[in-house]
Amino acid sequence: MTTVTGPIPYRIPKRRGPVLTFIVQQPLGAIGLVAIVAMVLASVFAEVVAPYDPLEVNYAAILAAPSADYWFGTDAFGRDILSRVIYGARTALAVGVLSSLIGCVLGTLLGTASAYFGSTTDLVIQRFVDIMLAFPIVVLALVVVAALGKNVIGGIDVNLIIAISIPIVPKVARVARSAALSVRQMPYIDAARAAGFSHSRIVMRHMIPNIMAPVLILFTAFIAQAILLEASLSFLGLGVTEPTAAWGLMLSGNSADFYEQAPWVIIFPGLAISFAVFAFNLFGDSLRDWLDPKLKI
Amino acid sequence: MGILHRTGRLAALATTGLATTALTLGLATAAGAAETPRRGGTLTFAVTAEPPNYDCHANTSFAFIHPVAPHYSLLLKFDPANYPKITGDLAESWTVSDDGLTFTFKLHPNVKFHDGSALTARDVKASYERIINPPKGVVSARQATFDAVASVETPDPQTVVFKLKGADASFLANLASPWNCVYSADKLAADPKFPEKNVMGSGPFKFGEHVSGSHWTGQRFDGYFRQGEPYLDGFRAVFMSSSAVTNALQGGQVQAEFRGLAPADRDRVKNGAGDKVQVHEAPWLASLILVFNAKKKPFDDPRVRRALSLAIDRWQASTALAKISILGPVGGILRPGYELAASEAELTKMPGFGKDIKAARDEAMLLLREAGVTGLTVNLTNRNVNMPYTIGGVYVIDQLRQIGVTVKHEQLETKLWQSAMSSGNYDMAIDFTGDFMDDPSLNLTKYLSTEISPVNYSGQADPLLDKLYAQQRGETDKAKRAQLVREFERRAMEQAYVVPILWWNRSVVLSTDVKGWEMTPSHYLNQDLADVWLAK
Amino acid sequence: MRAQSDAVRSGAGRSGAGQGGTRAPTPNAPNLDAAGALLSVRDLHVHFVTSRGVVKAVDGVSYDVKPGEMVAIVGESGCGKSVTSLTVMRLLAKPAGRIVGGSIQFDGRDLVTLPEPEMRELRGRDVAMIFQEPMTSLNPVLPIGLQIMEPLFVHLKMDKATARARARELLELVGIPDAERRLDMHPHEFSGGMRQRVMIAIGLACNPKLLIADEPTTALDVTIQAQILELMKDLSSRLGIAMVVITHNLGIVARYADRVNVMYAGRIVEHGTAEEVFSRPRHPYTMGLLRAVPRLDKPRDARLYTIEGMPPNLMNPPTGCRFAERCEHRIDACVQYPAVVDVGRGHTAACHRAAEFEAADRGHPNLRLVRNDQPTPRPHHDDPILNVAGLSKHFHLSRRTGLFGREKVVVKAVDDVSFNVQRGETLGLVGESGCGKTTLGRLILRLEDPTSGSIQFDGRDLGSATPSEMRALRQKIQVIFQDPFSSLNPRMTIGQIIAEPLSVYRLEPNARAVRDRVAELLSQVGLHPYMSERYPHELSGGQRQRVGIARALAMKPSLIVCDEPVSALDVSIQGQIINLLEDLQERLGLTYLFIAHDLAVVRHISRRVVVMYLGRVMEIADRDELYAHPAHPYTQALLAAAPVPDVVVERARASRPLQGELPSPLNPPSGCVFRTRCPKATKACAEVVPPPVELRPGHLAACIHL
Amino acid sequence: MLSYIAHRLGMIVPTLIGVAVLCFFMLRIMPGDIVELKLRGDGVAVTEEVIQQERARLGLDKPLASQFVDWMTGLATLDLGRSLWTDKPVVEEIGTRVWVSLQVAFMATIIAVLIAIPLGTLSALYKDTWIDYVVRVVAIAGLAVPSFWLGMLVIMGLLLLFRWLPPIETVSFFHDPIRNLSILIWPALAVGYRYAAVATRMMRSSLLEVLKEDYIRTARAKGLYERLIVVRHGLRNALLPVITVIGVEFAFLIGGLVVTEQVFNINGIGKLFVQAVGRGDFTMVQGLVMLVAVIFILVNLAVDLLYGVLDPRIRSKA
């Protein structure tokens with residue numbers, strides 16, 4: 001009566017390090033990661049990679065179509081679009097990474113403190129977060145950029161970074177708070193409290209390290225959003241200004257007026273934005289699937 | 001649309017531009033004169049901004065003029081076909097006393113306001129008094145231009161007399177200003193701020209409606225004092241962003257945009273709409289200027305200012321930037337082509353206008369060395385408006401790089417730029433001039449000492465320039481006035497507190513159906529639409 | 001294969017048992033195999049393919065289930081018992097879980113090769129399943145009526161009215177009153193026990209031939225557990241449904257199962273009737289398990305018997321006997337996998353020495369059970385280290401009422417509790433979930449502020465201590481938590497975790513001294529000092545619990561609150577931890593407040609015991625006194641409900657599970673909180689809160705009937 | 001129910017006050033002077049006296065405290081003041097434009113829902129297959145493509161492929177639905193893509209999570225059809241977080257329209273907002289921020305109410 005069906009063959013995955021595991025389990029995320037690395041390399045070595053100086057005006061080659069000399073064509077000043085796109089990655093990454101970093105650090109502190117202290121502190125912080133959330137992101141950034149003006153340090157507008165990071169704070173705070181609330185329930189927090197450790201020690205040593213997974217995911221997601229927001233603000237004329245190479249600006253600058261006769265002036269910068277944001281989202285999304293599938297972002 | 005080879009594309013671009021100019025300027029005027037106007041139809045045109053309120057005396061923007069001008073009459077106006085000739089609007093005729101201090105105007109009889117009341121000398125007097133001595137709470141933007149007026153009198157209902165304190169060579173032209181709408185004296189007596197919220201004039205069109213952010217309409221005023229005019233049943237001004245205008249023109253959704261398009265947009269519409277549009281071109285009464293903050297080091301040294309001006313190759317800019325922007329003609333402080341403007345020969349002798357750019361740059365670097373300035377790094381404060389400010393800014397930055405000056409471009413929202421300028425919080429800045437007419441008294445204000453002229457932001461104090469300005473204003477003899485202006489110009493270019501970069505070109509694209517509209521160098525003039533008609 | 005099954009089917013003509021007048025159409029009579037089994041699992045292999053490797057969760061399991069019998073599969077967590085049952089349903093997690101070999105004959109068909117559409121038809125109709133977590137196994141947004149009716153619609157094609165009538169009948173069958181109204185209610189409106197009844201109703205809907213219950217009562221309180229198991233047993237016999245019960249609780253097996261399969265590390269190591277296996281265990285693992293469990297019915301041993309070591313990693317199991325590493329009867333032959341030895345009476349064991357045990361056992365019932373009947377080790381002295389008087393903790397909640405209403409309610413988590421803990425003793429604190437025992441622990445640790453009452457520690461009132469005094473006191477009162485997985489910060493190494501208090505309070509002069517002390521503490525709790533470099537996730541549950549103990553010891557406390565320290569651990573590990581706690585108490589003179597729900601464990605470790613119910617103390621007594629002469633009806637009921645891992649004892653006991661549900665703490669009964677379930681309740685019970693009565697010195701009970 | 005809504009409405013008052021206060025002070029640190037811009041922006045030599053006079057007329061010379069009191073008392077009486085630029089009541093200026101923006105947002109929502117639910121479900125059911133990858137890539141691309149760029153491409157495409165452009169002046173849907181839709185469908189698509197992408201991702205992850213729940217296993221154990229399991233047991237639970245996302249995004253959409261309205265020349269509140277910020281028209285910006293905040297809060301409230309209706313647990317959760 002007993003039948004033993006033969007073993008059904010299957011592939012046994014090899015044991016790998018975390019990076020390799022991520023690549024195998026999240027092929028889309030791996031693609032994103034490669035794209036991000038490529039982008040970072042391109043922007044770090046822009047001087048080497050870019051065929052031209054992005055600021056070099058050449059009135060002899062105004063609005064040149066893509067060719068062997070100018071792969072992506074030139075803009076209305078005869079500047080090489082490929083070089084400007086490459087240098088633009090520098091602007092986008094700097095603004096994206098820094099503002100997401102600032103937003104995530106502040107948001108995490110705020111959210112964790114809110115969850116840890118509870119009661120009145122929580123109420124006050126949550127009210128504040130509610131108020132911030134009620135300002136739509138673009139509106140908030142618009143007003144902050146307009147209010148703070150410009151403060152360019154090392155080629156990057158610090159106030160623009162602050163403006164972009166401000167709308168990120170309440171969103172991170174919210175996620176961090178809910179993550180911290182569940183950490184707060186953990187017995188190891190009770191153990192730390194029972195040991196009589198200081199509040200700052202408990203928050204910094206015991207809570208924050210344990211909500212790093214969602215924060216890391218938010219960090220990559222908000223880099224993408226920050227790049228997009230920077231592009232939108234530059235498009236509205238409130239972000240980066242000429243002649244700095246920046247993608248959003250390239251879509252709204254003088255050159256963009258020529259988009260019908262010279263479509264390459266908007267196609268390549270637009271693709272660059274989409275590509276960068278896409279890469280970060282792809283990576284962040286897969287990171288979420290990998291680290292914390294229940295995270296709602 | 002395929003992607004053409006680079007050089008071919010550019011050549012095509014350049015030829016289209018030139019060909020259209022030549023053709024339309026000739027043909028449109030000739031045809032317009034020959035045809036008989038047709039009555040009827042509604043003209044739809046685009047306006048790229050929106051008037052904040054309805055008071056002519058308080059406003060300064062073309063966005064106001066385009067929808068509002070058709071509702072009002074002026075005392076005088078510029079003859080559209082023969083700019084800068086002045087002709088009467090409400091005034092049937094006028095006389096000037098020999099000393100040039102008394103101006104007497106005879107008004108057209110039977111002029112009616114839209115509410116049916118008669119327009120008399122009393123209304124003209126009340127309107128001008130409102131400009132010259134505005135009551136409390138009323139803004140009069142051009143009060144200063146009439147500071148020579150001693151009194152306005154009305155010996156009889158058809159006569160207005162202006163008496164001046166001293167001679168003013170620009171006085172008559174100022175009376176033709178499109179801003180000096182004639183209001184009803186009764187309405188003003190009841191409420192001096194009546195025109196802010198209401199449109200009630202004696203112009204060819206009655207006010208229809210204004211929907212915020214959307215459109216403005218006017219309907220033919222049957223009681224208009226010029227018999228047979230206007231030809232149109234009405235007009236509809238649609239407010240839209242400048243980026244939408246090109247599409248709207250190309251798609252035939254609007255028949256006109258009267259301010260002027262950039263060459264790229266002009267060509268796009270032209271290529272897209274083909275023979276459905278006509279293009280009018282003229283030099284524009286506006287220029288891009290570079291302002292140095294004379295109160296700040298190193299710009300307190302005229303050598304530095306002059307050196308920077310010398311580094312700009314205006315002749316190359318003229319050809320290069322004309323392809324991509326409204327920037328074009330090289331000129332001094334007056335519009336090239338205006339009778340009082342410097343000729344090219346005169347111009348090339350002034351610093352910064354020479355045709356040998358290498359020599360100019362060598363001189364510039366020498367000047368900088370003399371001044372002890374090396375490795376100069378400065379901010380260029382600019383508006384964040386593309387056309388033509390960004391383009392001019394990027395160009396200037398590139399030019400100054402050629403003499404080793406590093407320029408950081410600080411582009412600000414107009415409002416912030418404005419406050420940076422007024423507060424002197426900048427190193428050097430891009431500014432502009434723009435007036436409704438060629439007239440040294442108006443056009444030189446950007447070059448006068450800051451104390452006298454609130455629109456010169458350089459912080460300069462040059463009594464010589466101020467003296468020359470006052471002299472030319474009182475000089476009614478044209479030749480003598482030209483001489484004084486030339487002297488002023490040379491001094492201004494040498495001191496280089498403020499220097500012109502380039503003058504602008506105006507290209508207006510209209511549907512071929514639109515007839516009877518005449519191009520002028522100013523987008524403020526000739527917008528009452530009384531003579532305009534539609535072919536179908 | 002097919003032909004053979006058909007032949008078998010024609011031979012077995014018994015129809016479905018126990019149908020009533022309104023019962024659903026009777027399904028096909030079961031097709032039994034040659035041995036008369038309804039379900040026959042043979043040499044089943046199940047693998048889970050994960051990125052970390054292949055887990056051979058089930059490795060050659062064979063067992064049978066005959067119609068109408070209750071078969072238990074017992075084993076510790078991770079032994080593969082749940083996987084075995086999920087495999088029968090073909091509900092393994094996809095895509096990781098795969099059946100790689102063997103057959104599952106059910107009702108004449110091989111479930112391993114059955115096409116999915118036919119398998120689907122079989123599920124819920126012929127085989128039904130009940131899961132461990134009643135709180136999450138029902139869809140929260142659908143009314144339970146629909147959830148019961150679904151299989152009726154799908155399998156029996158009933159119309160709505162018929163299905164509803166049947167659902168109502170099923171609810172009544174599983175003992176849910178007011179069935180008609182309950183059909184339209186949602187799962188969250190039911191308690192855990194009630195939900196498990198609903199799950200049973202769903203399982204029974206189509207009159208299955210086999211019901212698989214995967215740890216059906218693990219998540220439930222002991223009194224509710226008894227109700228559910230009684231119900232299942234009753235239904236099984238009344239309806240003639242075969243049952244497979246998967247559990248780790250030997251007491252349940254002893255009380256209810258006909259036959260037992262003991263699983264260890266993916267294999268069945270012993271099989272037999274319950275009586276056989278419990279009275280004459282023939283596999284060292286079974287023997288060890290039976291001895292490691294603290295027992296309510298037997299006097300306390302000095303130390304618990306323990307099975308040292310840990311189960312093997314199923315990614316890379318040993319080739320020989322999988323238990324060999326931990327086995328004290330290990331011989332050289334154990335490097336070979338032992339054949340299944342039949343020791344008679346249908347009893348088999350997979351051990352090389354099974355026959356030897358059989359021979360040795362003839363003279364010695366209860367193999368080598370070392371007895372130690374010494375009385376309470378330490379004398380009763382009056383030196384309380386902790387004095388709790390009139391302690392209450394009320395939580396103010398705002399509760400939604402109806403769709404959008406809201407009202408304020410007070411939960412009296414702890415209500416007027418008084419007791420003391422003597423220096424050096426262990427005070428046990430028992431009660432079911434929601435009785436306030438954990439809150440009480442947290443109040444003593446000052447993780448919560450009391451609403452009223454006082455806590456005196458070493459003569460000092462915790463409530464009026466200044467912050468600096470409090471810091472000093474906190475070092476003296478430490479805590480060990482229930483869940484070894486969440487009580488250690490996953491981002492810190494073991495060394496950092498233990499060293500943290502040492503460096504924060506500068507208990508050691510320098511880093512080196514800290515390191516030495518950490519090593520000392522680790523050795524003290526039986527871990528190697530090199531473990532200090534590891535992270536918690538690299539440790540097993542038992543090891544983590546040891547780290548938790550080391551952390552508590554680091555501050556040299558005098559009182560440790562042990563909040564269910566062993567309830568999350570398997571029996572074999574549980575003994576190790578309990579022994580460790582006892583050793584440490586002995587050596588360091590510690591005092592324990594031991595909170596637990598397992599009466600046997602509490603009995604084992606405590607000197608005195610406090611019984612709580614709904615925030616109030618029911619009874620306080622010396623351990624032996626309490627277990628021998630429970631005074632309070634609740635204590636009596638608790639003791640009666642807890643099954644004992646001894647078939648003889650269990651079969652001799654009358655089963656009278658405590659009826660009713662635990663009242664909501666939001667709306668506790670007036671007077672005596674236990675009166676709603678108390679067999680002795682009278683009208684008077686509702687009127688006064690019974691004061692504690694001292695029956696004998698040190699024995700208090702709060703019941704007016706005493 | 002009414003009392004619950006009243007309670008929730010009561011809760012939003014402090015939030016709105018917070019928004020009002022923050023907004024007021026944020027705007028006052030904004031540099032630039034609307035009066036100067038208005039009178040000197042076109043290069044006319046307007047004297048300082050005239051500027052001061054106009055500033056006084058608009059009340060901008062009053063001390064900050066008194067301006068703040070005016071703003072807050074105005075709010076209490078639902079009076080948002082007058083635009084500093086046009087001198088018309090802010091309520092009137094917003095009132096003429098808000099409907100267009102709301103319509104675009106509403107249409108984008110419909111587009112998003114129609115796309116997200118089937119696509120997200122498909123992606124979750126076919127996790128880690130090519131279907132899933134395609135849906136995920138399309139969805140993530142939706143988050144990546146700037147809506148204004150998409151708008152530019154749409155306009156370019158319409159013009160180049162069809163030689164057609166949407167009419168420039170919006171009309172009411174009830175007046176001329178075809179003309180209305182032929183204008184507004186484009187921006188709705190441009191912003192709806194992103195919106196759909198967000199919702200699709202949420203639908204996918206939410207359904208994936210739900211499919212791991214114990215009650216899905218229960219449903220399987222009952223022998224239900226897979227489709228029934230997904231639809232009845234999976235979707236209904238999975239939809240709850242999607243509703244939240246749709247609600248939150250709807251509110252953010254109003255803000256996101258700022259850029260898109262610019263591209264499509266839609267006379268909505270987004271365009272108005274950019275203009276007002278550009279001009280430093282404080283009262284107008286304040287009014288718009290308050291409006292958006294109110295929409296945000298009300299939509300959240302609506303989502304909560306809907307949640308209560310759909311999820312029986314919420315109804316009685318303590």
Side-chain angles (χ1 to χ4, degrees), chain A residues 1-27 116 118-119 179-180 182-213 215-216 289-292, chain C residues 1 4-5 8 33-35 37 40 42-43 45 47 49-54 62 95 98-103 105 110 112-113 442 445-447 470-475 477-484 486-492 496-497 500-501 504-505 536 548 551-552 554-555 561 563:
Chain A
M1 190 60 216
T2 50
T3 42
V4 178
T5 48
I8 300 158
Y10 57 80
R11 205 165 44 82
I12 300 168
K14 293 194 196 78
R15 222 184 143 170
R16 303 174 178 94
V19 176
L20 271 176
T21 319
F22 177 80
I23 289 171
V24 171
Q25 290 181 1
Q26 304 288 341
Y116 176 75
S119 64
S182 64
V183 169
R184 176 82 171 76
Q185 304 298 319
M186 286 296 181
Y188 59 81
I189 300 301
D190 280 342
R193 289 177 63 210
F197 296 152
S198 65
H199 294 318
S200 63
R201 182 174 193 90
I202 295 174
V203 169
M204 300 304 292
R205 286 277 290 159
H206 294 268
M207 295 189 67
I208 288 183
N210 284 297
I211 57 167
M212 282 325 283
V215 171
L216 192 68
D289 276 8
W290 199 55
L291 287 178
D292 191 357
Chain C
M1 175 66 224
Q4 210 177 348
S5 306
V8 171
D33 72 357
S40 180
R42 285 295 172 272
D43 196 27
H45 292 259
H47 291 186
V49 183
T50 72
S51 61
R52 312 190 68 181
V54 177
S62 307
R98 300 151 204 246
I99 304 171
V100 294
S103 71
Q105 293 294 326
D110 187 354
V112 173
T113 53
R442 294 174 64 84
L445 289 163
R446 295 300 296 209
L447 294 174
M470 200 57 221
R471 263 196 297 280
L473 285 173
R474 278 203 188 276
Q475 297 177 43
I477 310 176
Q478 278 304 299
V479 60
I480 302 169
F481 291 102
Q482 167 179 9
D483 188 354
S486 57
S487 60
L488 303 179
N489 185 341
R491 303 277 164 191
M492 289 167 87
Q496 288 170 336
I497 289 170
E500 192 178 22
V504 167
Y505 289 110
R551 173 177 58 190
M555 288 200 261
V561 176
D563 188 359

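Chain A is the first sequence line, chain B the second, and so forth, proteins listed ahead of strands; every chain is numbered from 1. The shown structure was predicted, so the numbers you read here are calculated from the model rather than taken from an experiment. Reckoned from all heavy atoms, side chains included, excluding hydrogens, waters and symmetry mates.
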Participant: In terms of heavy-atom proximity below 4.5 Å to chain A, should C:Met470 be classed as side chain, backbone, both, or neither?
Facilitator: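 For C:Met470, there is no contact with chain A at all, as no heavy atom is under 4.5 Å.
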Participant: Heavy atoms only, distances under 4.5 angstrom: which of C:Asp563, C:Leu488, C:Val479 has the most pairs with chain A? Name it, please.
Facilitator: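 Most pairs with chain A among the choices: C:Leu488.
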Participant: Counting only non-hydrogen atoms closer than 4.5 Å, can you tell me which residues of residues 199-207 of chain A sit against chain C?
Facilitator: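 Counting heavy atoms that sit under 4.5 Å from chain C, the residues of residues 199-207 of chain A involved are A:Arg201, A:Arg205, A:His206.
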Participant: Among all residues two or more places apart in sequence or in another chain, which pass the side-chain hydrogen bond (donor to acceptor under 3.5 Å, both in side chains) test with C:Ser62?
Facilitator: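 C:Ser62: no side-chain hydrogen bond (donor to acceptor under 3.5 Å, both in side chains) contacts found.
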Participant: I need the contact set between residues 182-189 of chain A and chain C: heavy-atom distance under 4.5 Å, sorted by residue number.
Facilitator: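 Listed by number, the contacting residues are A:Met186, A:Pro187, A:Tyr188.
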Participant: Taking the side chain as C-beta and beyond, is there a heavy-atom pair between C:Gln105 and C:Arg42 under 4.5 Å?
Facilitator: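 A side-chain contact is absent here, since even the closest heavy-atom pair is not under 4.5 Å.
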Participant: Could you tell me which non-hydrogen atom of A:Ile211 sits nearest to which non-hydrogen atom of A:Ala180, and how far apart they are?
Facilitator: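 Taking A:Ile211 first and A:Ala180 second, the nearest heavy atoms are CG2-N, 3.7 Å.
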Participant: Need one label for C:Glu500: side chain, backbone, both or neither, based on atoms under 4.5 Å from any heavy atom in chain A.
Facilitator: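 Contact with chain A is through both the backbone and side chain of C:Glu500.
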Participant: Name the option with the most non-hydrogen atom pairs under 4.5 Å to chain A; the candidates are C:Gln475, C:Arg551, C:Arg442, C:Arg471.
Facilitator: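 Top option by heavy-atom pairs under 4.5 Å: C:Arg442.
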Participant: Just to verify, what does A:Arg193 make a salt bridge (charged side-chain N to carboxylate O under 4.0 Å, His left out) with, not counting sequence neighbours?
Facilitator: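 With sequence neighbours excluded, A:Arg193 shows a salt bridge (charged side-chain N to carboxylate O under 4.0 Å, His left out) to A:Asp190, given in chain and number order.
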Participant: Testing the basics here: between C:Pro536 and C:Asn489, what is the closest heavy-atom pair and its distance to 0.1 Å?
Facilitator: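 So the two residues come closest at CG-O, 3.6 Å.
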Participant: Which heavy atom of A:Ala195 sits nearest to which heavy atom of C:Met555, and what is that distance?
Facilitator: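 What the structure gives for the nearest pair is CB-CE, 3.3 Å.
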